[in-house]
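In what follows, a single structure is set out as structure tokens and then discussed.
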Protein chains: 2
Amino acid sequence: MALGKNYEGQHCSLARALELVGERWTLLVVRDAFYGVRRYGDFLSHLDIPRAVLADRLATLVGAGILQRHRYQESPPRDEYVLTERGVELWSVIYPLMHWGARHFATGQWLRSFRHAACGTELDPGGRCPACGNADVPPGDVETVPGPGVPDEPRQDPVSVALRQRPHRLLEPLLPADRA
Amino acid sequence: MALGKNYEGQHCSLARALELVGERWTLLVVRDAFYGVRRYGDFLSHLDIPRAVLADRLATLVGAGILQRHRYQESPPRDEYVLTERGVELWSVIYPLMHWGARHFATGQWLRSFRHAACGTELDPGGRCPACGNADVPPGDVETVPGPGVPDEPRQDPVSVALRQRPHRLLEPLLPADRA
DNA sequence: CCGGGTCGGTTCATTCAGCGAACCATCGCT
DNA sequence: AGCGATGGTTCGCTGAATGAACCGACCCGG
């Protein structure tokens, strides 16, 4: 899609947002970043996305200030991609969309739910905690917990496995940094 | 993009949602539907979208139960596209995304704001009314009002003109049904 | 009852983005 | 030196988007 390719002429801020975030795969990359995925290879194996496309999307997201590239070791130089504040704000878009998809196109048991970590209450469709006065819950206080549903052919990549195994707080690194 | 083209293997409900709503142009079509655009020709002139793509997107949205096709006159047979309940629920995705785009990528004065029609208060980033106990405001109770910002080259299509001229309640038909 | 205009498409040739496999560079380890 | 891990880039192929042209149903004025 790329900027200006079209959508230009659309003065609406939605169009500008979609130029960045509306490309194929982009929102799934951001979702994974919320899950705590940070490394190229983990995005790759979890998303089954062509390598070139992933490289392109990561570069776009970094350029837009949605992800930040952070060198976590020299030699060999290794970077991880972490959500910026601007990226974290996309939670208020991603969660309702995810919830909408689950409400209308669910197949079988639910795979995952999202709870307010402080009280364990499941979030409402807008991402708020019904038990805490309907307050907005920042993604850092959200915990994703595996549900009873397991797909017919569960994915075996490290990210999918980790998400199935245990509850996990959003934004925190999902995988240990030092696996072989 | 189309279903199954890829994103398959992604069991997440976000992926399924994006298969429908994540294609290029689709969310802009839905946004226009909230603005009260209902007719093929109006979508066309407002979005500058290729005719074939518009026809495809409308068919997909109707097939997914997001828009409903409604014949409003026989002879010549004319249909209009109206949001279903399922489509209306996308407001909780579109508004936050629009707001996010405006916050981070604004250029110049704001073009439009969204108010709670009952009390005139501008909606918060989550689409709630701060004056009414932070209650969710259903899109039917939202009014869009033109802002001070006018683009350098304002669009002249009927939809753009109408949106610039007067406040307008979402979901209500934007244009008179009987223009020449 | 003929000609022109409107509306809502479909068709088609071109261009562009996504795909997936192969390749490559750097580094650490043995 | 050789091998594997990591994080890419390159490249040929294919499928979707683009935009212009065409089409058919219908209305209206003459």
Side-chain angles (χ1 to χ4, degrees), chain A residues 1-10 18-20 22-29 37-62 67 69-81 157-159 175-180, chain B residues 1-10 15 18-19 22-29 37-62 67 69-81 157-159 175-180:
Chain A
M1 181 149 11
L3 240 139
K5 184 57 204 127
N6 218 313
Y7 283 179
E8 78 194 23
Q10 291 297 318
L18 287 173
E19 280 170 1
L20 293 173
E23 288 180 300
R24 192 155 160 69
W25 294 110
T26 303
L27 232 37
L28 292 177
V29 171
V37 177
R38 297 185 164 191
R39 288 158 66 158
Y40 183 88
D42 293 328
F43 285 110
L44 201 61
S45 66
H46 184 226
L47 291 174
D48 278 340
I49 179 179
R51 306 175 73 91
V53 176
L54 177 58
D56 176 272
R57 294 302 182 273
L58 289 173
T60 303
L61 287 169
V62 169
L67 292 180
R69 202 166 171 158
H70 168 240
R71 176 141 307 180
Y72 67 94
Q73 79 175 29
E74 314 280 345
S75 168
R78 288 285 179 266
D79 298 327
E80 54 187 9
Y81 298 91
D157 61 277
V159 172
L175 298 169
D178 60 340
R179 54 234 138 99
Chain B
M1 182 148 13
L3 239 138
K5 184 59 206 123
N6 220 313
Y7 285 179
E8 76 192 25
Q10 291 297 320
L18 287 173
E19 281 170 358
E23 288 181 299
R24 192 156 157 69
W25 293 110
T26 303
L27 233 37
L28 292 177
V29 171
V37 177
R38 297 185 164 191
R39 288 157 67 158
Y40 183 89
D42 293 328
F43 285 108
L44 202 62
S45 65
H46 184 227
L47 292 174
D48 277 340
I49 179 179
R51 307 174 73 90
V53 176
L54 177 59
D56 177 272
R57 295 300 182 273
L58 289 172
T60 302
L61 287 169
V62 168
L67 291 180
R69 203 167 172 157
H70 169 240
R71 175 141 310 178
Y72 66 93
Q73 81 175 27
E74 314 281 343
S75 166
R78 289 285 179 265
D79 299 326
E80 55 187 8
Y81 298 90
D157 61 277
V159 172
L175 298 169
D178 59 340
R179 55 236 136 97

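All of these numbers come straight from a predicted model, not from anything done at the bench. Order of the sequence lines fixes the chain letters, A, B, ..., with proteins taken first and strands second; residue numbering starts at 1 for each chain.
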Nearest 0.5 Å, what's the [atom1]-[atom2] distance between [X] and [Y]?
| X | Y | atom1 | atom2 | answer |
| --- | --- | --- | --- | --- |
| B:Leu54 | B:Asp48 | CG | CG | 11.5 Å |
| B:Arg78 | B:Glu74 | CZ | CD | 11.5 Å |
| A:Arg39 | A:Leu175 | CZ | CG | 8.5 Å |

Interatomic distance where [atom1] belongs to [X] and [atom2] belongs to [N] [whole Å]:
| X | N | atom1 | atom2 | answer |
| --- | --- | --- | --- | --- |
| A:Asp79 | D:dG8 | CG | P | 7 Å |
| B:Glu23 | D:dG15 | CD | P | 16 Å |
| B:Asp42 | C:dC7 | CG | C1' | 11 Å |
| A:Arg78 | C:dC27 | CZ | P | 9 Å |
| B:Leu175 | C:dC7 | CG | P | 12 Å |
| B:His46 | C:dG8 | NE2 | C1' | 19 Å |
| A:Leu54 | D:dG7 | CG | P | 10 Å |
| A:Ile49 | C:dG18 | CD1 | C1' | 10 Å |

Using a cutoff of under 3.5 Å, can you pull out all pairs of nitrogen or oxygen atoms linking the protein to nucleotides 27-30 of chain D, with atom names and distances?
from: D:dC27; atom 1: OP1; to: B:Ser75; atom 2: O; distance (Å): 3.0
from: D:dC27; atom 1: OP1; to: B:Ser75; atom 2: OG; distance (Å): 2.3

Return the minimal non-hydrogen interatomic distance between [X] and [Y], and the atom names on each side.
| X | Y | value |
| --- | --- | --- |
| A:Trp25 | A:Val53 | CD1-CG1, 3.7 Å |
| B:Arg69 | B:Tyr81 | CZ-OH, 3.4 Å |
| B:Phe43 | B:Ile49 | O-CG2, 4.3 Å |

Short side-chain N/O contact to [N] OP1/OP2 from [X], under 4.0 Å:
| X | N | answer |
| --- | --- | --- |
| A:Tyr81 | D:dG8 | yes |
| B:Trp25 | D:dT18 | yes |
| B:Arg69 | C:dG9 | yes |
| A:Arg57 | C:dG18 | yes |

Q: Spell out, as yes or no, whether a donor-acceptor pair under 3.5 Å connects the side chain of B:Arg24 to the backbone of A:Arg24.
A: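 A pair under 3.5 Å: no.
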If you restrict it to nitrogen or oxygen atoms, what contacts under 3.5 Å exist between nucleotides 10-15 of chain C and the protein, and what is each distance?
none

Q: State, with a plain yes or no, whether a side-chain heavy atom of B:Asp42 is found less than 4.5 Å away from one of B:Arg38.
A: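 Not in contact.
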(Q) For a 4.5 angstrom cut-off between non-hydrogen side-chain atoms, does B:Thr60 reach B:Thr26? (A)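 They are not in contact (no side-chain heavy atoms under 4.5 Å apart), so the answer is no.
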Q | Listed nucleotide nearest any side-chain atom of A:Val53, set D:dT18, D:dG7, C:dC19 | A |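 Looking only at side-chain atoms, A:Val53 lies closest to C:dC19.
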Q | Minimum-distance nucleotide (side-chain atoms of A:Pro77 versus C:dC27, C:dC7, D:dT18) | A |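 The listed nucleotide nearest to A:Pro77's side chain is C:dC27.
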